[in-house]
Protein chains: 2
Amino acid sequence: MGLTKSEIFTTEQNQISSIAKVFGHPARVAILQYLFKINSCICGDLVEEIGLAQPTISQHLKELKNIGLIKGNITGTSICYCIDKDNWTEMKTTLSIFLNQDLNDNSNCC
Amino acid sequence: MGLTKSEIFTTEQNQISSIAKVFGHPARVAILQYLFKINSCICGDLVEEIGLAQPTISQHLKELKNIGLIKGNITGTSICYCIDKDNWTEMKTTLSIFLNQDLNDNSNCC
DNA sequence: ATCTTTCATCGTAATATTGCAATATAATAA
DNA sequence: TTATTATATTGCAATATTACGATGAAAGAT
C-alpha cells in the first residue's frame, strides 16, 4: 500500500521515524554535512557540490526545512541556508533517548 | 525516478542514510523499543503488540536483520529475536559522529 | 502420518520517493 | 523595460515502500 499506519504508533515513535526518514537519503546527509562545514550556503552551491539537478536539491532542501533542521534567509535573488541550531539540538535529544536505551543482558537468547 | 544515485555520495553518507532509513518507519522503531524493553521476543509477540499483520512484521524484521541491528535464533517452531549489541554500538558511533558535528557560529546568516 | 503452530515468502495493490525538464516567480542589473 | 540570476514549483516517469492475503516450509504435538 505504501501508506504507513501512523495512527497505531505513539507520538514518540512517529517523531523518531520522521526525523530518521529525513536522514534516510544520502543527498540530505551531504547537504547537512556541507552546511556544518561551510556554515551557510545557497542552493546553487549545493547543486555544484553534490551534483544533482537544481530542482532535486531544492526538493531535498524543502524536506529539511519542513522538519525544521535548516532555515533559509532571502538575500537578494538567492537564499542563504543554514542549520537551525535550536531544532538540531532538540532533534539530537529525541534521537539520543532512543539510541541510548539500556540494553539488558540478552545472552540467554541470541 | 525513485532510484537514489548512491554512486555520487561517500561511503559514510550512504552508510548514515542506510541506517537512518531503517529507523524511518514507526513500526521498526516500535519493534526495537519493544526488544529493548522485553530483551527478546518472537515474531508473534510483535504482531500482537504492534497490530500489523504477520507478513508485515516479518518484512520489517527482515530489514532490521539485513542491516544487522537484530538477530534471530531458531528455537523450536518460533524464532527468538533480539538486539545485536555489537552492531547497535557500532551504529551508534557512526550516527553520533554525524549528529554531534561542531556547529560554527552562523549568526551572520539565519 | 496428520494436525498445529510459527514464521517466511510470494504476489499484488496502493501509495511514496527520487530525479529532472520545463516553467514560474521574484529580485536585481543593464 | 528588458535581461539576468537564483530558486521554487509543476508535471511526469521510474522505482521503492508499505501492507496484507494466500501459500509454503519446518518443527513439534497428537
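Order of the sequence lines sets the chain letters (A, B, ...), proteins ahead of strands, with each chain counted from 1.
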Do [X] and [Y] come within less than 4.5 Å of each other through their side chains, counting heavy atoms only?
X: A/R28; Y: B/S17; result: no
X: A/C43; Y: A/L61; result: yes
X: B/Y34; Y: B/C41; result: yes
X: B/F98; Y: A/L32; result: yes
X: B/Y81; Y: B/I38; result: no

Please enumerate all protein N or O atoms sitting under 3.5 Å from an N or O of nucleotides 22-30 of chain D, with distances to 0.1 Å.
none

Test side-chain contact (heavy atoms from CB on, under 4.5 Å), reference A/I31, set A/L64, A/L52, A/L69, output is A/L64
Checking side-chain contact (heavy atoms from CB on, under 4.5 Å) between B/M91 and each of B/V22, B/I19, B/I16, which is the one that passes? B/I19
Among the nucleotides C/dA8, D/dT7, C/dT6, whichever has the atom closest to the side chain of B/S78 is C/dT6
Considering only side-chain heavy atoms of B/C43, which listed nucleotide, D/dT7, C/dA8, C/dG19, is closest? C/dA8
So which one's nearest nucleotide on DNA chain D is more toward 5', B/E63 or A/C80? A/C80
Contacts of B/L3 and A/D45 projected onto DNA chain D by closest heavy atom; the upstream (5') one is A/D45
As a quick check of understanding, evaluate side-chain contact (heavy atoms from CB on, under 4.5 Å) for A/N14 and A/T11, giving each step before the final call. CA-CA 5 Å; A/N14 283 313; A/T11 307; 5.9 Å; no
Whole angstroms only, please: what is the [atom1]-[atom2] distance between [X] and [N]?
X: A/I57; N: D/dT7; atom1: CD1; atom2: P; answer: 11 Å
X: A/H25; N: C/dA16; atom1: NE2; atom2: P; answer: 18 Å
X: A/L64; N: C/dT17; atom1: CG; atom2: P; answer: 14 Å
X: B/Q59; N: C/dA8; atom1: CD; atom2: P; answer: 11 Å
X: B/I70; N: C/dA8; atom1: CD1; atom2: P; answer: 9 Å
X: A/L52; N: C/dT17; atom1: CG; atom2: P; answer: 17 Å
X: B/L46; N: D/dA19; atom1: CG; atom2: C1'; answer: 16 Å
X: B/K5; N: D/dA16; atom1: NZ; atom2: P; answer: 15 Å

I want to check one thing: is the phosphate of D/dT17, taken as OP1 and OP2, less than 4.0 Å away from some side-chain N or O of B/H60? no
Distance check: side-chain N/O of B/T56 vs OP1/OP2 of D/dC20, anything under 4.0 Å? yes
Hey, does B/T4 reach any base, or is it just sugar-phosphate, or nothing, if we go heavy atoms under 4.0 Å? sugar-phosphate
Those residues at least two apart in sequence (or on a different chain) that pass side chain to side chain donor-acceptor pair (under 3.5 Å) with B/N87 are B/D84
Check whether more than 12 heavy atoms from other residues, nucleotides or ligands sit under 6.0 Å from atom CD of B/E48, and answer yes or no. no
Under a 4.0 Å heavy-atom cutoff, the residues of residues 12-21 of chain A touching DNA chain D are none
